[in-house]
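Everything below concerns the one structure shown next.
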Amino acid sequence: MSTVTSSRRTAPPQAAAADPPRRTGRRQQRIAATVLLTPFTALLVAVFLVPVGYAIYLSLFGEDHSGLGFGGGTTVFTGLRSYLAVLQDPSFLSGFGTIALYCVIFVPTVVISALALALLLDSGLIRLRRTSQMLLYLPHAVPGIIAAVIWLYLYTPGLSPVIKLFAQADITIDFLGLHTVLPSIVNIALWSGLGYNMIIFYAALQALPREVIEAATIDGAGGIRTALQVKVPIIRGSVVMVCMFSLIGALQLFTEPMLMNQATPMVNSRFTPNMYIYDAAFRRNNYGLASAASVILLIVTCVLSYAVTRWSGRRERRA
């Protein structure tokens, strides 16, 4: 009994001796995590949190002009007046309607097209994969404003060789008309972003275990069935990520309609929320109104991104 008791009494010092190395390891992990996260945190604060805070601050103030409006104005606290003015402005609400229609057309088109191209490249049906990837990705390397200028040239009557070619076949197409200007903008964004999203899907497909594909082939699944029922469900995370990024990019639509504003009356100066913000800040010099519109756009973007993430999480749990 004495021997057993003594061995039990000597056990706690051994366990206590093992605790310092564990604590040291945890401390080192915390230090490493802090070192790695510090640059990201500093960048997040500098380029996101500080501008957002400053925009919220500006949205609560406005310029007050006394008398007939001559002379400089004074900055006064207006509270939520700018937010109410933005939400009651029909042009701002119509801009969100335009963006909603744009998202309905653009997001499914770019996701489905990029996924189809990635599946074709992964299946081996397309020869010269690297060359095809480079050619598809090349439009994304073109700056957005240059791409918009190129396509605006192709859309402009009297300049466009495409319109002249259709005219020779007695086909009249007005790419900048009332019902075609939005699909024309979608085409520019699709041309620029298709290859980039295709590369994301193709990289995810290349990381799939080849054993899973071989098992599906042995079970008698054809190419289309393997692609739709095996490959696509496994890379669902990449599909959701592309959907969310495409949605965020669609909400920030600015460059293409801003250039088309100079070429067609169908695109006014407040065609999208971002154009409304630009018009309020740099044409009307109403920074409080522009800041309030920016904050509202940010809130809408965050809510929609969160909704897409939650919807994806529920689908994965059900699966």
Side-chain angles (χ1 to χ4, degrees), residues 47-60 62 82-107 109-110 140 142-152 155 176 178 181-193 196-197 242-308:
V47 304
F48 181 75
L49 296 181
V50 171
V52 168
Y54 187 61
I56 295 174
Y57 170 79
L58 287 179
S59 67
L60 302 177
S82 296
Y83 291 93
L84 295 177
V86 170
L87 293 175
Q88 293 175 359
D89 193 337
S91 60
F92 183 75
L93 299 179
S94 65
F96 265 108
T98 302
I99 283 295
L101 182 58
Y102 175 83
C103 291
V104 169
I105 300 174
F106 171 71
V107 176
T109 303
V110 70
H140 181 73
V142 178
I145 189 169
I146 302 300
V149 169
I150 293 173
W151 281 100
L152 184 59
Y155 290 156
L176 303 178
L178 177 62
V181 64
L182 191 60
S184 298
I185 295 174
V186 170
N187 178 63
I188 300 175
L190 184 65
W191 182 77
S192 301
Y196 175 78
N197 294 316
V242 169
C243 287
M244 186 169 63
F245 286 169
S246 300
L247 178 62
I248 294 173
L251 291 172
Q252 298 174 355
L253 181 65
F254 177 78
T255 304
E256 294 85 355
M258 192 65 183
L259 283 177
M260 289 189 175
N261 179 32
Q262 310 297 324
T264 174
M266 299 301 139
V267 179
N268 55 44
S269 60
R270 306 177 192 178
F271 188 72
T272 65
N274 268 338
M275 293 181 65
Y276 180 94
I277 295 168
Y278 179 87
D279 179 76
F282 301 107
R283 292 178 179 172
R284 292 180 282 169
N285 295 323
N286 193 335
Y287 297 104
L289 193 69
S291 300
S294 301
V295 173
I296 293 173
L297 180 60
L298 174 63
I299 293 173
V300 172
T301 303
C302 293
V303 169
L304 291 178
S305 301
Y306 177 76
V308 172

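- Across all their heavy atoms, Gly95 and Pro273 have their closest contact at O-CD, 3.5 Å.
- Judged as a salt bridge (charged side-chain N to carboxylate O under 4.0 Å, His left out), the pairs with a partner in residues 261-277 (not counting sequence neighbours) are, in order, Asp89-Arg270, Arg270-Asp279.
- In the displayed structure, Phe254 atom CZ is contacted under 6.0 Å by more than 12 heavy atoms of other residues, nucleotides or ligands.
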Donor-acceptor contacts, no H, no angles, side chain residues 182-189, under 3.5 Å, sequence neighbours left out:
residue : atom : partner : partner atom : Å
Ser184  : OG   : Phe175  : O            : 2.6
Ser184  : OG   : Thr180  : O            : 2.8
Asn187  : ND2  : Tyr155  : OH           : 2.9

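- Sequence neighbours left out, not one pair with a member in residues 93-102 passes salt bridge (charged side-chain N to carboxylate O under 4.0 Å, His left out).
- Using a 4.5 Å heavy-atom threshold, the side chains of Phe48 and Leu298 count as touching.
- Between Met258 and Tyr278, the closest heavy-atom pair is CE-CE2, 3.3 Å.
- Between Phe282 and Tyr287, the two ring planes are perpendicular [angle over 60°; tilted spans 30° to 60°].
- In this structure, Ala148 and Leu259 approach most closely via the heavy-atom pair CB-CD1, 3.3 Å.
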Show the numbers, then the answer: is there a side-chain contact (heavy atoms from CB on, under 4.5 Å) between Met275 and Val267? CA-CA 10 Å; Met275 293 181 65; Val267 179; 4.3 Å; yes
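- With sequence neighbours left out, the side chain to side chain donor-acceptor pair (under 3.5 Å) criterion links Ser269 to no other residue.
- Smallest separation of non-hydrogen atoms from Ser82 and Leu289: O-CD1, 3.8 Å.
- Separating the OG atom in Ser94 from the CD1 atom in Ile99 is a distance of 11.0 Å, to the nearest 0.5 Å.
- The nearest pair of heavy atoms linking Leu176 to Met266 is O-CG, 3.5 Å.
- The backbone N or O of Met260 lies less than 3.5 Å from no partner atom in the side chain of Thr264, so there is not a single donor-acceptor pair.
- Listed by chain and residue number, Tyr83 satisfy the side chain to side chain donor-acceptor pair (under 3.5 Å) test with Ser59 (two or more places apart in sequence, or in another chain).
- Atom-to-atom distance recorded for Phe271:CZ and Thr98:OG1 is 4.5 Å, nearest 0.5 angstrom.
- Contacts of Tyr57 classified as side chain to side chain donor-acceptor pair (under 3.5 Å), with partners at least two apart in sequence or in another chain: none.
- In this structure, the separation between OG1 on Thr272 and CD on Glu256 is 10.0 Å, given to the nearest 0.5 Å.
- Taking all atoms of both residues into account, the shortest heavy-atom contact from Leu253 to Asn274 is O-CB, 3.7 Å.
- Here CG of Asn268 is found 12.0 Å from OH of Tyr276. Values are rounded to the nearest 0.5 Å.
- Within the 4.5 Å cutoff, no side-chain heavy atoms of Ser305 are placed close to those of Leu247.
- Environment of CZ in Phe96: crowded, with over 12 heavy atoms of neighbouring residues, nucleotides or ligands closer than 6.0 Å.
- One distance of note links OG1 of Thr301 with CG of Leu251; it measures 4.5 Å at 0.5 Å rounding.
- The OG atom of Ser294 sits 11.0 Å away from atom CD1 of Ile299, with the distance rounded to the nearest 0.5 Å.
- In this structure, the side chains of Val300 and Leu304 come closer than 4.5 Å at one or more pairs of heavy atoms.
- Around atom CD1 of Ile145, no more than 12 heavy atoms belonging to other residues, nucleotides or ligands sit under 6.0 Å away.
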